[in-house]
Amino acid sequence: MTKPIMVVGTMRNTGKSWIVTGLCRIFHQDGKSVAPFKAQNTASSSFITDTGEEISRAQAVQAEAADIEPTSLMNPVLLKPVGEKTFQVIVQGHPVGSMTADTFQIYHDKKLGAVLRESYEALAAVYDIVILEGAGNPSKVDSSEDDLANMGMAKVAQAPGILVADMDRGGVFATLFGTIMLMRPEERVMIKGIIINKFSGEPDSLTSGLRMIEEKTGIPVLGVVPMANIDIEDNLSASIKSDDVEKIITIDVIALPHISNFTDFNAFECIPGVALRYIHKGSELTDPDMIIIPGTLNTIGDLKWMRQNGIEEAILTKAREGVVVFGVCGGYQMMGEKLADPYHVEEGGVLKGMGLLKTDTMFSDRKRTFRVEGFFGNVRGIFRQLKGKRFYGYEIHSGITDFPTEDCLTHMRPTYEPGEIVPEGSQYVDDVMNVYGTFIHGIFDCEGVASTMARALFSKKGRKPADMQSVNYRSYKQEQYDKLADCLRRHIDMEKIYKIVEEGL
């Protein structure tokens, strides 16, 4: 029989997902079969499973740390923000429509309780341990109903809870005490331990505070986790990573208001000498070697945003000056000549594109979600060394983009279903301009892709660093999961964690 445990937080962004990822890795290292479960997640970045189901990227990362294949059972409800107080609702991996927060709550109350319970029970039937993760704060003082995103789900699973607090944001003991005291009595007794996360001071300075919170709540502190230099996919970076390596080339990613899957570009940050920046206005595009227009949950709205604040014109100017421009998914669609939305998937109407690629996009009410594999075709221009390199990844977008097949960037086919190899992506290369676009998320993660592109950019600047190596991003991520597990083992009492898991409620 499975042994569940619930991880909740005093507020959003306390590092619950980080803790769950580390525990998944530890239990896996210790020979346990373990799966993550987050009943409801609100996130912009998503992942496509091998059956074409869409889930939060966070649960896919946790599954990878546990060395299992992600499924929609791990995240049965995903809310993707697409506008002001509006979400695209994904249930069991498939979109069911866009809803406001109020509309979703009515839909949730009527239809989703059984879905959440069935998903959890299906996982519990397979794995030794299921780690449930809460959302927001578990003390729902404004609700008389069980909160199935938090302790209501813990009740269903009969899962003992661990409460995580964020030291870095201040008031850690007040938020811990307040959260616990505002929980219902029957839920308060389910919390069996406390973890303080993101600590950056001297451990001795917390001694009296830890003793006080244990005395006032009757709940033991299981550990204090320090700030750590561990590269686990988390929040959008606001600036260049800090290290001692000379930054030779700069890659600027446009920080679109509805940016999605920003983790597509993490592989570049692993390459010595590469600086990755996120750009919010045109004046910040000063000296990039490459500009990336990322995926978005609102392609038309974000193109209008770029047009209004000067980013579009700055990109066009840089492209004409010879700066490489690369678009991914929605960013690729923006770079074409026209975007049509006859079904009002986004904002409706027809919008002129950036004109960097000879493509036309028509949005449809059907979403394309599947895993793919393939190879780069006849790549021209600065990235011609990509020709023939193999890749894997996934597509997740609405609509069809027409392009001249002779200008295709890659050839690909679905990974887990029948399908022919077809051309994908587009490129425009002349004496100065090097412009590329693809629908494939994760394409830069594949071995040799990001490093080949970086070498080309280095060579353009007349630099050939001796220490530059091909990046195996898969291996790199596995190393980071092990580092996270080691960190938690050092700073959390895992013997007590195992005792909580074994004893249950």
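The figures that follow rest on heavy atoms only: side chains count, while hydrogens, waters and symmetry mates do not.
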Exercise. Answer with yes or no after comparing the ring centroid distance for Phe265 and Phe326 against a 6.0 Å cut-off, counting only values under it.
Key: no
Quiz item: Aromatic rings Phe383 and Tyr436: how do their planes relate, parallel, tilted or perpendicular, breaks at 30° and 60°?
Solution: tilted
Quiz item: Under 6.0 Å between the ring centres of Tyr476 and Tyr481?
Solution: no
Quiz item: For the side chain of Lys192 and the backbone of Val189, is there at least one donor-acceptor N/O pair under 3.5 Å apart?
Solution: yes
Exercise. For salt bridge (charged side-chain N to carboxylate O under 4.0 Å, His left out), just list the numbers for Lys198 and Asp166, CA-CA rounded to whole Å, side-chain angles, deciding distance to a tenth of an Å, and then say yes or no.
Key: CA-CA 6 Å; Lys198 306 181 189 178; Asp166 181 352; 3.3 Å; yes
Quiz item: CZ of Arg169: more than 12 outside heavy atoms within 6.0 angstrom?
Solution: yes
Quiz prompt | Worked verdict on Leu222 versus Ile194 for side chain to side chain contact (heavy atoms under 4.5 Å, CB included) | solution = CA-CA 6 Å; Leu222 304 176; Ile194 292 168; 6.0 Å; no
Practice problem: Kindly indicate, with the supporting measurements, whether the criterion ring-ring contact (aromatic ring centres under 6.0 Å, His included) is fulfilled by Phe391 and Phe376. | Solution: CA-CA 8 Å; Phe391 63 82; Phe376 284 89; 5.6 Å; yes
Exercise. Could you please spell out the steps behind the salt bridge (charged side-chain N to carboxylate O under 4.0 Å, His left out) verdict for Arg25 and Asp486?
Key: CA-CA 9 Å; Arg25 190 62 163 192; Asp486 291 344; over 6 Å; no
Quiz item: Does the pair Lys460 and Asp289 meet the rule for a salt bridge (charged side-chain N to carboxylate O under 4.0 Å, His left out), with working shown?
Solution: CA-CA 9 Å; Lys460 185 179 177 182; Asp289 298 283; over 6 Å; no
Practice problem: Take Asn137 and Thr10 through the test side chain to side chain donor-acceptor pair (under 3.5 Å) and record every step on the way to the result. | Solution: CA-CA 5 Å; Asn137 185 288; Thr10 55; 5.7 Å; no
Quiz item: Would you call Asp445 and Arg474 a salt bridge, taking side-chain N to carboxylate O under 4.0 Å as the test?
Solution: no
Quiz item: Going through the distances and angles, do Tyr278 and Asp252 end up as a side chain to side chain donor-acceptor pair (under 3.5 Å)?
Solution: CA-CA 6 Å; Tyr278 288 89; Asp252 284 352; over 6 Å; no
Practice problem: Start with the C-alpha gap between Gln92 and Glu118, add the side-chain angles, then the distance that decides, and say whether side chain to side chain donor-acceptor pair (under 3.5 Å) holds. | Solution: CA-CA 11 Å; Gln92 291 184 317; Glu118 290 167 5; 4.7 Å; no
Quiz item: With distance as the sole test, does Lys38 use its side chain to make a donor-acceptor pair with the main-chain N or O of Gly134 at under 3.5 Å?
Solution: yes
Quiz item: Rounded to the nearest 0.5 Å, what separation is found between the CG atom of Leu297 and the NE2 atom of His397?
Solution: 14.0 Å
Exercise. Would you check if the distance from the ring center of Phe439 to the ring center of Tyr332 is below 6.0 Å?
Key: yes
Self-check item: Ion pair Lys367/Glu54, N-O distance below 4.0 Å
Solution: yes
Self-check item: Euclidean distance, Leu163 CG relative to Ile213 CD1, rounded to 0.5 Å
Solution: 9.0 Å
Quiz item: Has the side chain of Ser205 got a donor or acceptor atom that lies under 3.5 Å from a matching backbone atom of Glu202?
Solution: yes
Quiz item: If you measure only the distance, is there a donor-acceptor pair under 3.5 Å linking the side chains of Glu69 and Thr49?
Solution: no
Quiz prompt | Arg57 to Phe262, cation-pi by 6.0 Å centre distance and 45° axis angle | solution = no
Quiz item: Do you see a donor-acceptor pair shorter than 3.5 Å between the side chains of Asn41 and Glu133?
Solution: no
Self-check item: Any donor-acceptor pair under 3.5 Å from Glu284 side chain to His280 backbone
Solution: yes
Practice problem: Report yes or no: does Asp264 contribute a side-chain atom to a donor-acceptor pair with the main-chain N or O of Val328 at less than 3.5 Å? | Solution: no
Quiz item: When you look at Asn298 and Thr296, which way does the side chain to side chain donor-acceptor pair (under 3.5 Å) test go after all the steps?
Solution: CA-CA 5 Å; Asn298 189 334; Thr296 167; 5.9 Å; no
Quiz item: With no hydrogens and no angle check, is any side-chain donor or acceptor of Thr175 less than 3.5 Å from a backbone partner on Val172?
Solution: yes
Quiz prompt | For Gln480 against Ile230, the heavy-atom pair lying closest together | solution = O-CG2, 3.6 Å
Practice problem: Apply the test side chain to side chain contact (heavy atoms under 4.5 Å, CB included) to residues Asp168 and Met227: give CA-CA distance (whole Å), side-chain angles for both, the deciding distance (0.1 Å), then the verdict. | Solution: CA-CA 9 Å; Asp168 189 52; Met227 292 282 198; 3.3 Å; yes
Exercise. Flag the pair Phe370 / Tyr394 as yes when their ring centroid distance falls below 6.0 Å, and as no otherwise.
Key: no
Quiz item: Regarding Asn75 and Ser56, is there a side-chain donor-to-acceptor distance under 3.5 Å anywhere?
Solution: no
Quiz item: How far apart are the closest heavy atoms of Ile55 and Pro70, and which atoms are they?
Solution: CD1-CB, 3.8 Å
Quiz item: For the atom pair OG1 (Thr21) and CD (Gln62), what is the distance rounded to the nearest 0.5 Å?
Solution: 4.0 Å
Quiz item: Checking Arg117 side chain against Val156 main chain: does a donor-acceptor pair fall under 3.5 Å?
Solution: no
Quiz prompt | Asn197 side chain vs Ala165 backbone, donor-acceptor pair below 3.5 Å | solution = no
Quiz item: Between Ala159 and Met190, which heavy-atom pair has the shortest distance, and what is it?
Solution: O-CE, 3.7 Å
Practice problem: Return yes if a side-chain donor-acceptor contact under 3.5 Å exists between Thr452 and Gln385, otherwise no. | Solution: no
Quiz item: Is the shortest side-chain N to carboxylate O distance from Lys477 to Glu64 below 4.0 Å?
Solution: yes
Self-check item: Shortest non-hydrogen separation from Ile271 to Ala267 and the atoms involved
Solution: CG1-O, 3.7 Å
Quiz item: Is any side-chain N of the basic residue among Lys389 and Glu373 closer than 4.0 Å to the acidic one's carboxylate O?
Solution: no
Quiz item: Counting heavy atoms not belonging to Asp287, are there more than 12 under 6.0 Å from its CG?
Solution: yes
Practice problem: State whether the side chain of Ser44 and the backbone N or O of Ser260 hold a donor-acceptor pair below 3.5 Å, judged by distance alone. | Solution: no
Quiz item: Are the charged groups of Lys155 and Glu186 less than 4.0 angstrom apart, N to O?
Solution: yes
Quiz prompt | Minimum heavy-atom distance between Val225 and Cys487, given as atom pair plus value | solution = CG1-SG, 4.2 Å
Quiz item: Checking side chain to side chain contact (heavy atoms under 4.5 Å, CB included) for the pair Tyr392/Val372: CA distance, chi angles, key distance, verdict?
Solution: CA-CA 6 Å; Tyr392 52 86; Val372 299; over 6 Å; no
Quiz item: Atom CG of Leu276 and atom NZ of Lys247: how far apart are they, to the nearest 0.5 Å?
Solution: 9.5 Å
Exercise. Determine the sole option in Val324, Val323, Ile279, Thr250 for which the side-chain contact (heavy atoms from CB on, under 4.5 Å) test with Ile291 is passed.
Key: Val323
Quiz item: Checking side chain to side chain contact (heavy atoms under 4.5 Å, CB included) for the pair Ile497/Ile26: CA distance, chi angles, key distance, verdict?
Solution: CA-CA 11 Å; Ile497 294 279; Ile26 288 173; over 6 Å; no
Quiz item: Do the side chain of Arg371 and the main chain of Ile48 share a donor and acceptor less than 3.5 angstrom apart?
Solution: yes
Quiz prompt | Side-chain donor-acceptor contact under 3.5 Å, Thr71 with Glu53 | solution = no
Quiz item: Measuring from Met494:CE to Leu488:CG, what's the distance to the nearest 0.5 Å?
Solution: 8.0 Å
